[in-house]
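First up is the structure itself, then whatever we jot down about it.
Values below: every heavy atom of this structure, side chains too, minus hydrogens, waters and symmetry copies. Note on naming: letters A, B, ... go to the chains in the order of the sequence lines (proteins, then strands), and numbering restarts at 1 for each one. These figures come from a predicted structure and were not determined experimentally.
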Protein chains: 2
Amino acid sequence: MDERTERLNRAFAALADPTRRDLVARLACDDATVGELAEHYDMSLQAVSKHVKVLGDAGLVTRSREAQRRPVHLDADVFDLMSKWIERYRRQAEERYRRLDALLAETSGDHEQHTETEAS
Amino acid sequence: MDERTERLNRAFAALADPTRRDLVARLACDDATVGELAEHYDMSLQAVSKHVKVLGDAGLVTRSREAQRRPVHLDADVFDLMSKWIERYRRQAEERYRRLDALLAETSGDHEQHTETEAS
DNA sequence: ACACTATTCAACCGCAAGGTTGACAAGCCG
DNA sequence: CGGCTTGTCAACCTTGCGGTTGAATAGTGT
C-alpha cells in the first residue's frame, strides 16, 4: 500500500473521532497545550494526550517546545490531501447524477423522481 | 451529540478504510452490484456487502433495485458536508500560518524557518 | 412449485481503538 | 538538590471493527 494511501487512512481515521475533530476545531483558533485542551473534556489528561498523538501521527498537527510546554498546532497540509480526495469523488458523483438526470428527462417525459432510494 | 456530528462521524469513519475508499473510487465510474464489486477484492462477498452497508449508513451511497440486483451508487451530498468541514479548518490553519509568518518577518529580520517541528 | 441467483443475517474470532489508573521522564524554579 | 508542573509510557479492560463461514431470504425464470 503506497504512502499516500496510508496517510489518507490515518487522516480519515483520525477525524472519525468527534473528540479529535473538536480538538482540531479548538486548535484552529489557537495553539494550545495538552493540559489546556484537556480541561474542556470529561476524560483524563492521558486520554487527550493519546488523541493528540493520533492527530500528530496523521500529520494533522505538529508539536513545538517552549519551556516545559509542548504546544500543539494545526498543520494544513494533510487537510489539503483529504480535501482533494473528497472533491474528486464529489464532483464525479454530481457529474454522473446530472447525466442520469438528463438521460431520464430525454427518454421519458413524465418521470417523477429518480431519488426513490431506500436510505435505510 | 447532534445529527450533523454523527453524520460526520460515520462519513469519516467509513472513508478511513482503504477498501471502502476503493469502493467509492469504483462507484465513481459506474454503479455496480455487490457481486461485481466483490470480484476485485481478495475477501468474501459478505465482507464486501458489509462494507457497502457501512457506506450506506454513512450516506455516501444508496441502493436501488432492478430485478434481483441491488446496484450501489454514489451519493454526493455527504461528500459536500465533509468537504465543507475540512475546507473550513484547512483555511483557518493556513490563515494562522500566514499570520505567524508575517509576525516572524516583522519582529526578527533574519529568522531561518518556523517549521522546526518534530514530526516524530 | 422449483431451482437458481444475488444478497443479507447470524454467530463467531482476533485485534486494534478508546478509555482507565499508576508510575515515570523532562524542564523549570525556589 | 528538592519539588512542582507538564506530559508521556505501560499495563490493563471493554468495545467495536474487519474478517470468516454457514444458513436464511428475496426475486427470477421455467
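- For B:Arg69, whose side chain is taken as the heavy atoms from C-beta onward, the closest listed nucleotide among C:dT8, D:dG7, C:dT7 is C:dT7.
- For C:dT8, the OP1/OP2 oxygens have a side-chain nitrogen or oxygen of B:Ser49 closer than 4.0 Å.
- The distance between atom CG of B:Asp57 and atom P of D:dC17, rounded to the nearest whole Å, is 11 Å.
- When rounded to the nearest whole Å, the span between CG of A:Asp42 and C1' of C:dG19 equals 12 Å.
- Comparing C:dG27, C:dT20, C:dT7 against the side chain of A:Arg65 picks out C:dG27 as the nearest.
- Looking at the side chain of B:Lys50, the nearest of the listed nucleotides C:dA6, D:dG19, D:dG7 is D:dG19.
- Of the listed nucleotides (C:dG19, C:dT7, D:dT8), C:dT7 has the atom at the smallest distance from the side chain of B:Arg63.
- Rounded to a whole Å, the CZ atom of A:Arg20 is 12 Å from the C1' atom of C:dG19.
- For the pair A:Glu3/A:Arg7, a side-chain contact is recorded, criterion being any heavy-atom separation below 4.5 Å from C-beta on.
- Residue A:Thr33 places at least one side-chain N or O under 4.0 Å from the OP1 or OP2 atom of D:dG7.
- Atom pair B:Leu15:CG and D:dG18:P shows a separation of 12 Å (rounding to whole Å applied).
- Distance from the side chain of B:Gln68 is smallest for C:dA6 among the nucleotides C:dG19, D:dG7, C:dA6.
- When side chains are defined from C-beta on, A:Leu60 does not count as touching A:Asp75, because their heavy atoms never get closer than 4.5 Å.
- Taking only distance into account, the side chain of B:Gln46 meets the base of D:dG22 through a donor-acceptor pair shorter than 3.5 Å.
- Straight-line distance from the CG atom of B:Asp17 to the P atom of D:dG16: 18 Å, rounded to whole Å.
- Atom CG of A:Leu37 is separated from atom C1' of D:dG7 by 12 Å (rounded to the nearest Å).
- Put simply, A:Arg70 has a side-chain N or O that comes within less than 4.0 Å of OP1 or OP2 on D:dT8.
- Using a 4.5 Å heavy-atom threshold, the side chains of A:Val72 and A:Thr62 count as separate.
- Side-chain N or O atoms of B:Arg70 include none that pairs as donor or acceptor with a backbone N or O of B:Arg63 at under 3.5 Å.
- Nucleotides of DNA chain C nearest to A:Leu45 and B:Val34 differ in position, and the one nearer the 5' end is that of B:Val34.
- In this model, the phosphate group of D:dT20 is approached by a side-chain N or O of B:Ser44 to a distance below 4.0 Å at OP1 or OP2.
- Nucleotide C:dT5 holds its P atom 18 Å from the CD atom of B:Glu66, rounded to whole Å.
- The same ILVMFWY cluster, assembled from side-chain heavy atoms under 4.5 Å apart, contains both A:Leu27 and A:Leu45.
- Picking from D:dT20, D:dT6, C:dT7 the nucleotide with the shortest atom distance to the side chain of B:Ala47 gives D:dT20.
- Per the geometry, CG belonging to A:Leu23 stands 13 Å off P belonging to D:dG7, to the nearest Å.
- Distance from the side chain of A:Met43 is smallest to C:dT20 among D:dT8, C:dC28, C:dT20.
- Hydrophobic clustering places A:Leu8 together with A:Val24 (ILVMFWY residues linked when any side-chain heavy atoms are closer than 4.5 Å, directly or through intermediates).
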